[in-house]
J.: 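For reference, the structure I am asking about is given below.
Heavy atoms only: backbone and side chains are in, while hydrogens, waters and symmetry mates are out.
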Amino acid sequence: MPERRGPSIYTIPPHRAFSDALVAGILSLYGKDPLGLARGTIIVPNNRAKQAIAEAFVRQSEGGLLLPRLVPVGDSDLGEQVGLALDPIAAEPIPAAIVPLQRQLMLAQLIQQAKALDFDPIDSAQAMRLAFDFGHTLDQLTVEEKSLTDLTGLVVDQDVSEHWQKALDLFTRVFQSWPDTLASRGLIDGTDRKNRQLNAVARSWSTAPPSGFVIAAGISTTAPAITNLLKTISRMDNGRVVLAGLDLTMPDTEWQAIGGYEDEPAIESHPQFHLHLLLARLGVTRADVQTWRWGSGADARANRTRAISNALAPAEFTRKWIGLGKAERDLFRVKAMETANPADEAQAIALALRHAIEIDDNTAALVTPDRDLARRVSAHLHRWGIAADDSAGQSLTTTPIGTLILSLVSALADRLAPVGLLALLKHPLVQGDQERQVWLDGARRLDRSLRGPRPAQDIAGV
């Protein structure tokens, strides 16, 4: 195989169905060899992307096939999955990660000790809330491989400088004692362990790449450890990085504005900002990125990509909208809808989904980051006998078992106060057999007898 001249980086434009287009290309490149796919590895951002790509393989396979290894790099169970990509004999052992709840408890204890030194003690509940925020900040610093110096060097507005300084002083003391506290237990932070694993994979593959293909697909995270891995993959003989929706049609002036100038800040809220930053950390430009040439039957019209690019132009460039031709703004079969309130929005979406399924005999999907909206829509569909497969799953607290657990914990926390106790006794899963009616009659008699002055705590008071 001839030596590669540069990094192998591709993008799948927005008008193409990402998973199906990706799989179509992989099958074209490696599907002829029955074992070609099985030797490969596809690195994806999360478990949801892993499931979508696996389903795309099923749709496009004409018969049985051996899937490549699908490895999510953004989920909490990273270690057990990325570890498969390393040689376990040559790999340097990495300390275990601390359990999140244990870390929060330990941080809360350090915070209480630090506050006590300032003669400003706080209770355990406040310390736990602060510990959660402290842990989140620690994770952000670790993921970006930043030190405490980078945090203390930030320029803060004068209106919040006093509050900022007090919080920073507390964080500094906890931050400085945290590494020794972890080391004394032989543990490390989960984000630190993830960084070490990714860096170990990058080092291993830079000297001894896998025998099969490696494709990093749909990853837009700009964390240094992940960026380092993507850079290694893009320069491997049998490696490719496939981005999702990188705008190759945007004029250079707009692209540069997204990244910012010396006297103008970057537009961090723009959808292309993270891809802009990712390319910069990979050491490439848009000219180095090729268009993934494969597509699928689920693709839309090609001019939709151009229309999306124009619609998402940075604010200072939106004046060009006035002179756009029809081909530049054509969003065929894309409709906009305005509703008066969230309830109307959910009902309208549910009706559209029902129409697509029952009238047009099509498949339909709702893509939204709003979990409340997704739950409302699912509830409407359930009324019509339509089961919506929610890829985000169902919250444990909304299931019968989850509500039973919460009722039990609440009753015990309130030491069997009447309200919490009765809620537990009347739960549908408590005494749910043939004697259910007898049980509920007894619960109602207890309810009546407990009305009036609140009894003493615990079972003796009841």
J.: Under 3.5 Å, sequence neighbours excluded: what are the donor-acceptor pairs made by side chains of residues 379-386?
T.:
unit_1, atom_1, unit_2, atom_2, d
H380, ND1, R383, NH1, 2.9

J.: With sequence neighbours left out, write down each residue that passes ring pair (Phe, Tyr, Trp, His ring centres under 6.0 Å) with W292, or none if nothing qualifies.
T.: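 W292 satisfies ring pair (Phe, Tyr, Trp, His ring centres under 6.0 Å) with Y10, W294 only.
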
J.: Any side-chain heavy atom of K32 sitting closer than 4.5 Å to one from L27?
T.: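 Side-chain contact under 4.5 Å: no.
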
J.: Could you check M128 against L105 for side chain to side chain contact (heavy atoms under 4.5 Å, CB included), going step by step and ending with a plain yes or no?
T.: CA-CA 7 Å; M128 286 293 286; L105 290 169; 3.7 Å; yes

J.: Before accepting this row, confirm whether a basic side-chain N of the pair D360/R354 lies closer than 4.0 Å to the acidic partner's carboxylate O.
T.: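 Salt bridge: no.
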
J.: Counting only pairs under 3.5 Å, give me each side-chain donor-acceptor contact of residues 333-349, with atom names and distances, residues two or more places apart or in other chains.
T.:
unit_1, atom_1, unit_2, atom_2, d
N341, OD1, A343, N, 3.2
N341, OD1, D344, N, 2.8

J.: Under 4.0 Å between a side-chain nitrogen and a carboxylate oxygen: does that hold for D372 and R375?
T.: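 A salt bridge links D372 with R375.
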
J.: Does NZ or CZ of R286 fall inside the cone over W255's six-membered ring, less than 6.0 Å from its centre and within 45° of the axis?
T.: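 Yes, a cation-pi geometry.
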
J.: Would you call N362 and I357 a side-chain contact if the rule is heavy atoms closer than 4.5 Å?
T.: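 Counting from C-beta outward, N362 and I357 never come under 4.5 Å.
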
J.: What are the two closest non-hydrogen atoms of T11 and A244, and how far apart are they?
T.: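 Of all heavy-atom pairs spanning T11 and A244, the closest is OG1-C, 4.3 Å.
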
J.: Do E254 and E316 make a side-chain contact, defined as non-hydrogen atoms from C-beta onward lying under 4.5 Å apart?
T.: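 No. Closest side-chain heavy atoms not under 4.5 Å.
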
J.: Quick one: does D288's side chain have a donor or acceptor within less than 3.5 Å of a partner on T285's backbone?
T.: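 Yes, the answer is positive, given that a donor and an acceptor are paired below the 3.5 Å cut-off.
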
J.: Looking at D330 and R304, is there a salt bridge between them, counting it only when a charged N and a carboxylate O are closer than 4.0 Å?
T.: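 No, no charged N to carboxylate O under 4.0 Å.
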
J.: If every non-hydrogen atom of F317 is compared with every non-hydrogen atom of T253, which pair is closest and at what distance?
T.: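 Result for this residue pair: CZ-O, 3.8 Å.
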
J.: Would you be so kind as to tabulate the donor-acceptor pairs closer than 3.5 Å made by side chains of residues 210-229, with sequence neighbours excluded?
T.:
unit_1, atom_1, unit_2, atom_2, d
T227, OG1, T222, O, 3.4
T227, OG1, A223, O, 2.9

J.: Would V241 and L243 count as a side chain to side chain contact (heavy atoms under 4.5 Å, CB included) if you check the C-alpha gap in whole Å, the side-chain angles of each, and the deciding distance to 0.1 Å?
T.: CA-CA 6 Å; V241 173; L243 305 176; 3.9 Å; yes

J.: As a quick check of understanding, evaluate salt bridge (Lys or Arg N to Asp or Glu O under 4.0 Å) for R196 and D192, giving each step before the final call.
T.: CA-CA 6 Å; R196 297 190 193 189; D192 184 18; 3.1 Å; yes

J.: Please report the shortest heavy-atom distance between P95 and G186, naming the atom on each side.
T.: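 Heavy-atom minimum between the residues: CB-O, 4.0 Å.
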
J.: Only counting residues at least two apart or in another chain, list the ones meeting salt bridge (charged side-chain N to carboxylate O under 4.0 Å, His left out) with E145.
T.: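 Counting only residues at least two positions away or on another chain, E145 forms no salt bridge (charged side-chain N to carboxylate O under 4.0 Å, His left out).
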
J.: Please answer whether the main-chain N or O of P72 pairs with a side-chain N or O of N46 as donor and acceptor at a distance below 3.5 Å.
T.: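 No, N46 side chain to P72 backbone: no donor-acceptor pair under 3.5 Å.
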
J.: Quick one: does N310's side chain get under 4.5 Å of M250's, heavy atoms only?
T.: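 When only atoms from C-beta onward are counted, M250 and N310 do not touch, as no gap falls below 4.5 Å.
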
J.: Could you measure the distance from the CD1 atom of I188 to the CD1 atom of I94? Nearest 0.5 Å is fine.
T.: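 Reported to 0.5 Å precision, the distance equals 6.5 Å.
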
J.: Are more than 12 heavy atoms from other residues, nucleotides or ligands located less than 6.0 Å from atom CG of D389?
T.: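 Result for CG/D389: open.
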
J.: Please round to the nearest 0.5 Å and tell me the distance separating atom OG of S296 and atom CG of L22.
T.: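 Result: 10.5 Å between the selected atoms.
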
J.: Mark yes or no for whether S407, through its side chain, and T403, through its backbone, hold a donor-acceptor pair below 3.5 Å.
T.: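 Present.
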
J.: Could you state the interatomic distance from CG (L37) to OH (Y30), rounded to the nearest 0.5 Å?
T.: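 The OH atom of Y30 is 10.0 Å from CG of L37, to the nearest 0.5 Å.
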
J.: Any chance you could measure F171, atom CZ, to Q176, atom CD, to the nearest 0.5 Å?
T.: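 Here the interatomic distance stands at 10.5 Å.
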
J.: Are any non-hydrogen side-chain atoms of R129 and D133 less than 4.5 angstrom apart?
T.: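 Side chain of R129 against side chain of D133, heavy atoms only: no contact under 4.5 Å found.
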
J.: For I359, does the CD1 atom have more than 12 heavy-atom neighbours from other residues, nucleotides or ligands under 6.0 Å away?
T.: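 Yes, the 6.0 Å shell around CD1 holds more than 12 heavy atoms from other groups.
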
J.: With a 4.5 Å heavy-atom cut-off, do L279 and V289 have their side chains touching?
T.: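 Side-chain contact under 4.5 Å: yes.
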
J.: Do T291 and P13 touch side chain to side chain, with heavy atoms closer than 4.5 Å?
T.: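 In contact.
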
J.: Just how far is it from atom CG of L230 to atom CZ of R240, taken to the nearest 0.5 Å?
T.: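 Answer rounded to 0.5 Å: 15.0 Å.
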
J.: Using the rule given for side chain to side chain contact (heavy atoms under 4.5 Å, CB included), can you reason through L107 versus T181, listing the C-alpha separation, both sets of side-chain angles and the distance that settles it, and then say yes or no?
T.: CA-CA 10 Å; L107 284 172; T181 304; over 6 Å; no

J.: Is there a donor-acceptor pair under 3.5 Å between the side chain of S378 and the backbone N or O of A374?
T.: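 A pair under 3.5 Å: yes.
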
J.: How far apart are the C-alpha atoms of D247 and R306, what are their side-chain angles, what is the distance that settles it, and do they pass the salt bridge (Lys or Arg N to Asp or Glu O under 4.0 Å) test?
T.: CA-CA 9 Å; D247 194 340; R306 183 66 181 174; 5.8 Å; no

J.: Grab the two heavy atoms, one from H276 and one from G259, that are nearest each other, plus how far apart they are.
T.: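 Closest heavy-atom pair between H276 and G259: CE1-CA, 3.4 Å.
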
J.: If you draw a 6.0 Å radius around CZ in F132, do more than 12 non-hydrogen atoms from other residues or ligands fall strictly inside?
T.: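 No, CZ of F132 has 12 or fewer neighbouring heavy atoms, counting only those of other groups under 6.0 Å.
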
J.: Could you give the distance from CG (D20) to CD (E55), rounded to the nearest 0.5 Å?
T.: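 The CD atom of E55 is 10.0 Å from CG of D20, to the nearest 0.5 Å.
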
J.: Locate the shortest heavy-atom distance separating W321 from A313; write the atom from each residue and the value.
T.: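 Closest heavy-atom pair between W321 and A313: NE1-CB, 4.4 Å.
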
J.: When you measure from the side chain of S309 to the backbone of T305, do you find a donor-acceptor pair of N or O atoms at a distance under 3.5 Å?
T.: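 Looks like no, no N/O pair under 3.5 Å.
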
J.: Could you check whether any side-chain heavy atom of Q140 comes within less than 4.5 Å of a side-chain heavy atom of H136, counting everything from C-beta outward?
T.: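 Side chain of Q140 against side chain of H136, heavy atoms only: contact under 4.5 Å found.
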
J.: For the pair S204 (side chain) and V201 (backbone), establish whether a donor and an acceptor sit closer than 3.5 Å, ignoring hydrogens and angles.
T.: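 Flag not set: sc S204 to bb V201 has no pair under 3.5 Å.
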
J.: Begin with the C-alpha distance, continue with both residues' side-chain angles, and end with the deciding distance and a verdict on side chain to side chain contact (heavy atoms under 4.5 Å, CB included) for I43 and I233.
T.: CA-CA 10 Å; I43 300 178; I233 294 173; 3.6 Å; yes

J.: For a quick test of reading the model, state the closest non-hydrogen atom pair linking A315 to T318 and the distance between them.
T.: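 In terms of heavy atoms, the two residues are closest at O-OG1, 2.8 Å.
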
J.: Restricting to side chain to side chain contact (heavy atoms under 4.5 Å, CB included), what partner residues turn up for I322, sequence neighbours left out?
T.: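 Applying side chain to side chain contact (heavy atoms under 4.5 Å, CB included) to I322 gives none.
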
J.: I'd like to know if R103 pairs up with D139 as an ion pair, taking the criterion as any Lys NZ or Arg NE/NH1/NH2 lying under 4.0 Å from an Asp or Glu carboxylate oxygen.
T.: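 Salt bridge between R103 and D139, a charged N being under 4.0 Å from a carboxylate O: yes.
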
